[in-house]
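FYI, side chains are in, hydrogens and waters are out, and symmetry mates aren't considered; it's all heavy atoms of this structure. Just so we're on the same page: letters track the sequence lines, and every chain starts at 1.
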Protein chains: 2
Amino acid sequence: MELTKTAQFTDEDILMARYAKALGHPARIAILRVLLERKACICGDIVDELPLSQSTVSQHLKELKDVGLIQGDIDGKKVCYCINEQVWKQAQETLGALFQRYTSCDSSCC
Amino acid sequence: MELTKTAQFTDEDILMARYAKALGHPARIAILRVLLERKACICGDIVDELPLSQSTVSQHLKELKDVGLIQGDIDGKKVCYCINEQVWKQAQETLGALFQRYTSCDSSCC
DNA sequence: CTAATTGATCGTAATTTTACGATCAATAAA
DNA sequence: TTTATTGATCGTAAAATTACGATCAATTAG
C-alpha cells in the first residue's frame, strides 16, 4: 500500500545537516582548529598547515564561509579569516541540542 | 619555495569529521530524530516517516551504522534500530569540545 | 507448502565533492 | 613601471554521494 510521500525535511533538519556537513571533512576541521588556536584571525598560513594545495584549501575555506562559520576580510594583500561568533554559537546550540536529546533508556532495546 | 607537505590529518580530526559527515544529510538527521523521539528502538517505520524510498533510507541507516552512531538488531521479521549510547556520547564530546574551544576575542579581527 | 512482509543489497544514473594545476586580479615591493 | 606575492576562481578529472527500482533472503501468516 504505497502512500505517496509528501513530507519534506524540516528547515531545522536541513540547517543542522548543513552545519554538520561543513564539518564533515578533516581539512575543514583542521582549518577551524587553526582558527581556534590562534585567536586572532590569520590568513593563508592555513595553507602551510594543511597537506593540501592552495587552491584546495581555498575551496574548503569557501565552503566554511558559505555556511557562515567563518568570515574573511581583506587586509591589504592578505586575507584574514576567523570564526564567525554568531554562526558558530548557532551551530553549537543546534547540534548540541540534538545530542542532548538522548536519554539512555537503559532498559529494553538493542 | 615549495616545501613538500608531509603533515597528514590527525586521527582526531578524521574521527571528528566522520561523525560530522554522518550528520551531514537531512535524512540522517531525521532518522536520528525519530530514534530519539521514540525512546525504544523502532524498525523501518522510519521509512514511513521520511520522504525517501525504502532502499534509500536503508542506505542512510547503513551509513549511520557504519560510524557506529546507531545499531540495528534483528527481531524476527523486523529490525530494531536505536542510538548506540557509547558512540553517541563520544561524538557529543568530540564535537562539543571543538565548539567549546571558541573564546570570543571580542577585539581585533574581522 | 505458498503468500506476503520486511529490509538488505545490487546495479545504475545523476549529482556533488574533492583535489589539483593554471590563471587572474589586486596589492606590495623593487 | 616591473616583478613578486597573495589568494580567488576556472577547468577538469576522479571519486564519492544520493536516490531509486529490482531483486534476494529470511521470517511470518495463511
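The CG-C1' distance, from A/D73 to D/dG7, rounds to 14 Å in whole Å. Taking atom CG of residue B/L50 and atom P of nucleotide C/dG7, one finds them 13 Å apart after rounding to whole Å. The distance from atom CG of B/L61 to atom P of D/dA19 is 13 Å, rounded to the nearest whole Å. With rounding to whole Å, B/D66 atom CG is found 10 Å from D/dT17 atom P. Put simply, CG on A/L52 is 16 Å from C1' on D/dG7, counting in whole angstrom units. Straight-line distance from the NZ atom of B/K62 to the P atom of D/dT18: 14 Å, rounded to whole Å. Remark: P of D/dT18 and CG of B/L64 are 11 Å apart, rounded to the nearest angstrom. Atom CZ of B/R28 and atom C1' of D/dA19 are 12 Å apart (whole Å).
The side chain of A/K78 sits closest to D/dG7 out of D/dG7, D/dG11, D/dT18.
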Please walk me through it: do A/M16 and B/R33 pass side-chain contact (heavy atoms from CB on, under 4.5 Å)? CA-CA 12 Å; A/M16 203 181 298; B/R33 196 190 292 288; 3.9 Å; yes
Let me see the working for A/S58 and A/S55 under side chain to side chain donor-acceptor pair (under 3.5 Å), right down to the final yes or no. CA-CA 5 Å; A/S58 196; A/S55 62; over 6 Å; no
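At C/dC20, one or more side-chain N or O atoms of A/T56 fall inside 4.0 Å of OP1 or OP2 (strictly under the cut-off). For A/Y81, a side-chain nitrogen or oxygen approaches OP1 or OP2 of D/dA8 to under 4.0 Å. Of the side-chain N and O atoms in B/H60, one or more sit less than 4.0 angstrom from OP1 or OP2 of D/dA19. OP1 or OP2 of D/dC20 has at least one side-chain nitrogen or oxygen of B/S53 nearer than 4.0 Å. Between B/S58 and C/dG7 there is no side-chain polar atom (N or O) within less than 4.0 angstrom of OP1 or OP2.
The stretch residues 19-26 of chain A touches DNA chain C through A/K21, A/H25, each having a heavy atom within less than 4.0 Å of the strand.
For B/Q59 against D/dA19, a side-chain N or O and a base N or O form a donor-acceptor pair under 3.5 Å.
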What does nucleotides 22-30 of chain C look like as a protein-contact string, B for base, S for sugar-phosphate only, - for none, at under 4.0 angstrom between heavy atoms? B----BS--
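Taking the ring-ring contact (aromatic ring centres under 6.0 Å, His included) definition, one finds that A/F99 meets it with B/W88, sequence neighbours left out. B/Q59 is linked by a side-chain contact (heavy atoms from CB on, under 4.5 Å) to nothing, counting only residues two or more places apart in sequence or in another chain. Under the rule for a side-chain contact (heavy atoms from CB on, under 4.5 Å), the partners of B/N84 that lie at least two apart in sequence or sit in another chain are B/Q71, B/Q86, B/V87.
Without hydrogens or angle criteria, B/T56 side chain to B/L52 main chain gives no donor-acceptor distance under 3.5 Å.
Within the 4.5 Å cutoff, no side-chain heavy atoms of A/L23 are placed close to those of B/L23.
A 3.5 Å limit on both hydrogen-bonding distances identifies no Watson-Crick or G-U partner for D/dT28. C/dA3: no Watson-Crick or G-U partner with both key distances under 3.5 Å is found in any strand.
Inspection of the A/Q92 and B/Y102 side chains reveals no N or O donor paired with an N or O acceptor under 3.5 Å.
Residue pairs meeting the salt bridge (Lys or Arg N to Asp or Glu O under 4.0 Å) criterion with at least one member in residues 53-71 of chain A, sequence neighbours excluded: A/R28-A/E63, A/K62-A/D66.
Looking at B/K89 and B/E85, a side-chain N of the basic residue comes within less than 4.0 Å of a carboxylate O on the acidic one, giving a salt bridge.
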